[in-house]
Structure formats: structure tokens, C-alpha cells
There are 2 protein chains.
Amino acid sequence: MNQAISSQSTGNAVESILEAAEKLFAEQSFAAVSMRQIGDQAGVSKANVFHHFGTKDKLYKSVIQRIIQASTKLLDELDSGEDDYRSRLSRFNHGHLNNILSNCQGACLLLQESMAIRSGHGQQMAAELLGKQFNRLVNLIDMGQQAGELRKNMDPAMVASMLVSANLFFFNALPIIAHLDTVDFANNPDKYAKGVIDLLFNGIAAGGQEG
Amino acid sequence: MNQAISSQSTGNAVESILEAAEKLFAEQSFAAVSMRQIGDQAGVSKANVFHHFGTKDKLYKSVIQRIIQASTKLLDELDSGEDDYRSRLSRFNHGHLNNILSNCQGACLLLQESMAIRSGHGQQMAAELLGKQFNRLVNLIDMGQQAGELRKNMDPAMVASMLVSANLFFFNALPIIAHLDTVDFANNPDKYAKGVIDLLFNGIAAGGQEG
DNA sequence: TAATTCGCTGACCGACCGGTCGGTCAGCGA
DNA sequence: TCGCTGACCGACCGGTCGGTCAGCGAATTA
């Protein structure tokens, strides 16, 4: 075993390759990463990467699938409890942001794969997942409306869009924003998530209630 | 002139190369695009691309600079008028979203370049621009607070974050979201921008005023 | 023990990469 | 007319790419 290489903690080559590929693909891009790099990072030969995954494209899709499974699992665990809808939305929001931040590489890949113009290799897989998660959130807000807890003259999908986007932005623009002197919520995800819920519920107009 | 190639409308080779490079870099990635592709797309030889820009890296940075200049110019034109702060924020929001949608390629490149983990070639240039634009928006909201038009127990930077992120999300997740049956604001940027302002000002809690 | 399978590897291939080079050609000031 | 310049090109360089393949050692099976 070589000390210079990272993963391969389990001795399982397949898992080592997947971890290495996810990291490299996220940090760079599909085209920028070579199969040799992935093999080196995983502590195996380039030929072995091909042995297990056939082609670079299949390896990439396996990486995306793996991220999707992990993400879905994490989000499923959030769906318990029967509080008021403000609590449920808040819990979803905190969970969503934490999921993103606890798996930056995966989030980065999915976000990149979801970009419009881009000709991604796993675009429809990523789209399917994000669509599902988005719909789930929309339904939650819709139920809040029907329960009379949220005002009715608004579009639930738009609220969902703002919630999800706020978290994605926090994750991927953090290093840019962190050093601005106008910002003090950087490196404090919980404070950010709480603030988002407060603003979204109470609005920013003067005279609104507080969170 | 070849019909298969796109730009070169002006006959200016440099401009043709920049346009071709922006398109290809946005649709794919820095590594995925070859100098030969760029030359072909621009209707010039690969050697000529090197003649004008030296290296692939310099060409890429020129593309980013060009996008930044266009973006800054567009945003500067929004800073006129002295209405109430709701109108000013609304105008900024519509303008910001329109800027993004009218230059998808540029927005795509800047967004990609601003990603956290990513090791981009024009990262700090993109970060500088986004930081400036962000600070400008924060100041606008801050002034609204001091004028008493916006409630004071909230973080202006967080509001700015939510505004910007909502637009970025709309732009880059549109194709994913468009076909969901829960969504009806797709392909209607003005409706979306108006809804964002409404939600942000009035909140979603039952009992809030309408927009 | 002999045969077979399995995970894995180094050597190798054609294609393409970023970048360079020698050279052509139109235009321009003297 | 001359010398010079910059835009432009085809051909080429060393190097790396994705992908293939015969074969190795260690298990597994008969």
C-alpha cells in the first residue's frame, strides 16, 4: 500500500475507484479528469478501472447514481414528525442545506449536471432526482396552504424554488461571499437556514412579524 | 464563407473566436473544448487562434473578461430612478433575471467558475464581479432599511442572497422544472420575478398582505 | 494435484491534444 | 519599388488520451 494515495480504506477496489472518481469529477470536470488520474487516486491501475467500469462514461454514470442514492436516502429520513407546517418546512430546509454541505462533491456534480445549456453525461438522471425532491417540497407547501397555515394567493412551486435555490446558492457561492464585509452568516449554515425561513414566512416589508 | 459555421458576421476574426469560445466553453467545459474546435466554429485555423490569444488559458480568461464587461454594463444601466425601495428592488430583480436569460452562455460560465470546490481558470475574476454586484444589492436593501421601508430585524445580505439565488436557480434549473406538473411559471420570467418580489416582501405566512 | 476462475496489471494502440514552425500574402509608409 | 508587418495557414512536434489485450499470481473447484 502506498501512503500517498487516499481512499482504499476498505480494500474494496470498486468503492475506492468510485470515491476517487467522485472527488476528481467534482473538483474538475468529466473531460479534465483522466482514467489514469482516477486509478492513481484510488490506488489501482488504469486498466483495473476499465476492468470494473468498462468505459469512462459508464464510470461517470455510476458515480452519479451513487450520489443520487445517498441523497435520496438522506432526504427520506427527514419525512417524519407531524408538527405545524412552519416546523416541517424549517426541518426540511435545515436538512436540505446540511445534506448539501455534508456532500459538497455530490452536490457540485449534480448542480453542474443540472445546468441548462450544458451537454452533460448524466443530465437526465440528475434531472429526475431533482424533480422528485422538488415535487416533494411543493406538496409539503401545498398541504400547508390547504391547512390554512400558509396564505393561498401564492404559487407553492415558487416558494419551493426559493427555498431550494437559497441553499444551493449558499453552498456554491460561499467562498465568494464569505470575505465580503457585508456578510456575517458565512460559515454558519444553521443561522442561514433559520434566516431563510424567517424571511420567507414573514417577508421583509416593514410591519411584518418577527421570527 | 461556410454556412456550417456560425459567427464571423463582422469579418473580425478576434470577435468570431471569442464568440465561438464562449459558446463552446459554456456548453461543455474548459478541458472538453479543443482549440481546433474553436477555430472551426469561428471559421479560422487553429494556428490563428493561437496567433491572437497565445494560449488556451489566455483565450479562456479573455472570454471571462468579455462576459464580465457586458454584465457590468447591463447592470449599471439599472441604477437610475429614485422611487420607493420596493420598486427599486423589483426593477433590480427583473433586470438581473433578464440579464441572465439574455446571456445564458455567460451566466453559465460565471456560475460554473464561481463554484466552491472547483479549480477554475477564471475563478477569482468571476468572484470579484459577483462580489461587487452582490455588495451593490446589499447596499440597496440596507438603504431601504434605514429609510424605514424595510423591517430592521433582518440581514440585508441574506435578502440579497435569496434574490440572486432565486434568479440563478430559475435560469439553470428551468429545463428540469419546466415539465413538472406542479410548475406553471416556467417560460415566464416576468411572472417569476414578480412572484419572487411578492413573496420576499410579504412572506408566505397566512395573514400577510398581498402583492 | 490439475484445471479454472478472478482481480488485476504493464505494455501497447490509434487518435487527438496544446503548441510551434516555416512560410504565404495583403497592406502600408517611404 | 522596396522593406517591413501582422494576419493567416498547413504541417508537424512531444505528450496524453480512452481503450485493448495477453498474461500473472492467488484463490476456488474438481
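- A donor and an acceptor atom, one from each side chain of Tyr60(A) and Glu113(A), are located under 3.5 Å apart.
- A donor atom on one side chain and an acceptor atom on the other are not found under 3.5 Å apart for Ser45(A) and Asn48(A).
- For residues 50-62 of chain A, proximity to DNA chain D is found at Phe50(A), Thr55(A), Lys56(A), defined as any non-hydrogen atom under 4.0 angstrom from a strand atom.
- Gln65(B) is linked by a side chain to side chain donor-acceptor pair (under 3.5 Å) to nothing, counting only residues two or more places apart in sequence or in another chain.
- Every residue meeting the ring pair (Phe, Tyr, Trp, His ring centres under 6.0 Å) condition with Phe170(B), not counting sequence neighbours, appears here in chain and number order: Tyr192(B).
- Taking atom NZ of Lys46(A) as the reference point, atom C1' of dG7(C) lies 18 Å away to the nearest angstrom.
- Summarising the geometry, the separation between NE2 on His121(B) and P on dG18(C) is reported as 11 Å, rounded to the nearest angstrom.
- Summarising the geometry, the separation between CD1 on Ile38(B) and C1' on dC16(C) is reported as 15 Å, rounded to the nearest angstrom.
- Which of dC8(D), dT9(C), dG18(C) sits closest to the side chain of Met35(B) comes down to dG18(C).
- Across the protein-nucleic acid pair, Arg36(A) atom CZ and dC16(C) atom P stand 19 Å apart, rounded to whole Å.
- Residue Val33(A) is classed as a sugar-phosphate contact, given heavy-atom separations below 4.0 Å to backbone atoms only.
- Using a 4.5 Å heavy-atom threshold, the side chains of Arg136(A) and Asp76(A) count as touching.
- Put simply, CG on Asn12(A) is 11 Å from C1' on dG7(C), counting in whole angstrom units.
- For dA7(D), neither phosphate oxygen OP1 nor OP2 lies less than 4.0 angstrom from any side-chain nitrogen or oxygen of Asn48(B).
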For residues 99-112 of chain B, which side-chain N or O atoms pair as donor and acceptor with protein atoms under 3.5 Å away, sequence neighbours left out?
| residue | atom | partner | partner atom | Å |
| --- | --- | --- | --- | --- |
| Ser102(B) | OG | Asn98(B) | O | 3.0 |
| Ser102(B) | OG | Asn99(B) | O | 3.1 |
| Asn103(B) | OD1 | Gly106(B) | N | 3.2 |
| Gln112(B) | OE1 | Arg118(A) | NH1 | 3.2 |
| Gln112(B) | OE1 | Arg118(A) | NH2 | 3.1 |

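- Taking atom CD of Glu15(B) as the reference point, atom P of dA7(D) lies 15 Å away to the nearest angstrom.
- The side chain of Ala47(B) lies closest to dT20(C) when the candidates are dT20(C), dC17(D), dG18(C).
- At the phosphate of dC17(D), OP1 or OP2 sits under 4.0 Å from a side-chain N or O atom of Ser34(A).
- To the nearest 0.5 Å, atom CG of residue Leu163(A) and atom CD1 of residue Ile141(A) are 6.0 Å apart.
- For the side chain to side chain donor-acceptor pair (under 3.5 Å) test, residues two or more places apart in sequence or in another chain that qualify with Gln133(A) are Ser71(A).
- Where Gln37(A) and Ser45(B) each meet DNA chain D at their nearest nucleotide, the meeting point lying more 5' is that of Ser45(B).
- Using a 4.5 Å heavy-atom threshold, the side chains of Asp57(B) and Lys61(B) count as touching.
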message: Taking Watson-Crick (N1-N3 plus N6-O4 or O6-N4) and G-U wobble (N1-O2, O6-N3), each under 3.5 Å, can you produce the dot-bracket string of DNA chain C? Use [ ] for crossing pairs and | for inter-strand ones.
response: ||||||||||||||||||||||||||||||
